[in-house]
K.L.:
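This is the structure I want to talk about, given as structure tokens.
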Amino acid sequence: MKGNRWDDHYTRRAREEQWRARSVYKLEEMDRRFKLLGNGSRVLDLGCHPGSWSQYCLSRIGSGGIVVGVDLVPVERMPAANFHFIRADINAMDMAALKDVMPCADAVLSDMAPGTTGSRVTDSARSFALAETAFRTATEILADGGVFVCKLLEGESVRDFLSTLSPRFRQVRIYKPKATRKRSTEIYVVGKGFICLL
């Protein structure tokens with residue numbers, strides 16, 4: 001009998017270390033590489049379900065920071081007073097309600113992914129649309145000098161997205177964490193040093 005093809009080293013490790021999903025190791029690696037989070041950081045986690053990225057952020061920011069998670073699917077039992085969950089569609093986000101909880105963010109993270117169709121062109125375009133929405137949200141809430149991390153599926157839209165981000169960040173990089181599944185086309189765009197225009 002064949003084993004579960006999704007049950008790899010990172011999945012087993014996440015279970016053993018009590019993380020909610022294997023994707024935590026992608027964020028951990030990017031945080032080590034780019035120094036995304038620090039004590040007291042205010043973090044907006046878009047598409048946060050099942051909660052592993054929020055869980056990791058809480059372990060890094062200390063009691064003086066805050067994590068606000070946004071998703072259509074509720075995140076269950078996150079035992080931290082400085083975690084706030086907003087059930088919402090990112091495409092119809094109430095920014096006033098968000099800013100009531102967290103007026104300004106030091107980091108905006110998006111691990112959102114579209115429902116895939118099997119068509120690389122279609123899937124890349126849908127991923128780009130989600131990334132654009134995440135970026136628009138980031139421009140409304142990021143503090144000057146803040147960081148932005150966003151998942152994208154490889155395709156022509158990646159170049160367009162980099163062009164969109166470059167004027168607003170002092171540094172923009174593409175990164176593919178080791179925990180990414182070998183067959184996956186996902187990559188991450190990391191923007192550091194957000195430039196406020198106000």
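Excluded from the calculations below are hydrogen atoms, water molecules and symmetry mates; all remaining heavy atoms, backbone and side chain alike, are included. For the single chain, residues carry numbers from 1 onward in sequence order.
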K.L.:
Okay, side chain of Asp144, backbone of Cys196: is any donor-acceptor separation there less than 3.5 Å?
P.N.:
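Confirmed, Asp144 side chain pairs with Cys196 backbone.
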K.L.:
Charged N to carboxylate O under 4.0 angstrom, Arg181 versus Glu186?
P.N.:
no
K.L.:
Could you see if Tyr25 belongs to whatever hydrophobic cluster contains Val43? Use Ile, Leu, Val, Met, Phe, Trp, Tyr and a side-chain cutoff under 4.5 Å.
P.N.:
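As far as the 4.5 Å side-chain criterion goes, Val43 and Tyr25 are connected within one cluster.
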K.L.:
Between His84 and Met102, is any pair of side-chain heavy atoms under 4.5 Å apart?
P.N.:
no
K.L.:
Between Asn82 (side chain only) and Gly65 (backbone N and O only), is there a donor and an acceptor less than 3.5 Å apart?
P.N.:
yes
K.L.:
Taking only residues two or more places apart in sequence, or in another chain, which ones meet Glu156 in a salt bridge (Lys or Arg N to Asp or Glu O under 4.0 Å)?
P.N.:
Arg159
K.L.:
Is there a chain of hydrophobic side chains (I, L, V, M, F, W, Y, each step under 4.5 Å between heavy atoms) that links Val158 to Tyr188?
P.N.:
no
K.L.:
Hey, quick one: are Phe148 and Leu36 part of the same hydrophobic cluster, counting side-chain heavy atoms closer than 4.5 Å, chains of contacts allowed?
P.N.:
no
K.L.:
Where the side chain of Lys99 meets the backbone of Glu140, is there a donor-acceptor pair that is under 3.5 Å apart?
P.N.:
yes
K.L.:
Taking atom types as modelled and ignoring hydrogens, do the side chains of Arg136 and Thr133 form a donor-acceptor contact shorter than 3.5 angstrom?
P.N.:
yes
K.L.:
Within 45° of the six-membered ring axis of Tyr175 and under 6.0 Å from that ring's centre, is NZ or CZ of Arg33 located there?
P.N.:
no
K.L.:
Set out, in order, the CA-CA distance, both residues' side-chain angles and the distance that settles salt bridge (Lys or Arg N to Asp or Glu O under 4.0 Å) for Arg60 and Asp31, then state yes or no.
P.N.:
CA-CA 10 Å; Arg60 289 279 290 117; Asp31 184 28; 2.6 Å; yes
K.L.:
Are side-chain heavy atoms of Leu98 and Ile141 found at a separation under 4.5 Å?
P.N.:
yes
K.L.:
If only atom types and distance count, is the side chain of Glu28 paired as donor or acceptor with the main-chain N or O of Tyr56 below 3.5 Å?
P.N.:
no
K.L.:
side-chain hydrogen bond (donor to acceptor under 3.5 Å, both in side chains) with Ser163: which residues, sequence neighbours excluded?
P.N.:
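Listed in chain order: nothing, the list is empty.
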K.L.:
Main chain of Ile66, side chain of Arg42: is a donor-acceptor contact present, judged purely on distance under 3.5 Å?
P.N.:
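Checking the backbone N and O of Ile66 against the side chain of Arg42, no donor-acceptor pair under 3.5 Å is found.
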K.L.:
Can you classify the ring geometry of Phe161 versus Phe135 as parallel (below 30°), tilted (30 to 60°) or perpendicular (above 60°)?
P.N.:
perpendicular
K.L.:
State, with a plain yes or no, whether a side-chain heavy atom of Val190 is found less than 4.5 Å away from one of Val172.
P.N.:
no
K.L.:
Are side-chain heavy atoms of Val75 and Ser54 found at a separation under 4.5 Å?
P.N.:
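No, too far: nothing below the 4.5 Å cut-off.
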K.L.:
Donor-acceptor pair, distance only, cut-off 3.5 Å: does the side chain of Asp71 make one with the backbone of Pro74?
P.N.:
no
K.L.:
Is it true that a side-chain atom of Ser184 and a backbone atom of Thr180 form a donor plus acceptor pair closer than 3.5 Å?
P.N.:
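The answer is no, because no donor-acceptor pair under 3.5 Å joins these two groups.
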K.L.:
Can you tell me if Trp53 uses its side chain to pair, donor with acceptor, with the backbone of Ser23 under 3.5 Å?
P.N.:
yes
K.L.:
Starting from Ile174, can I reach Met112 by hopping between I/L/V/M/F/W/Y residues whose side chains sit under 4.5 Å apart?
P.N.:
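Same cluster.
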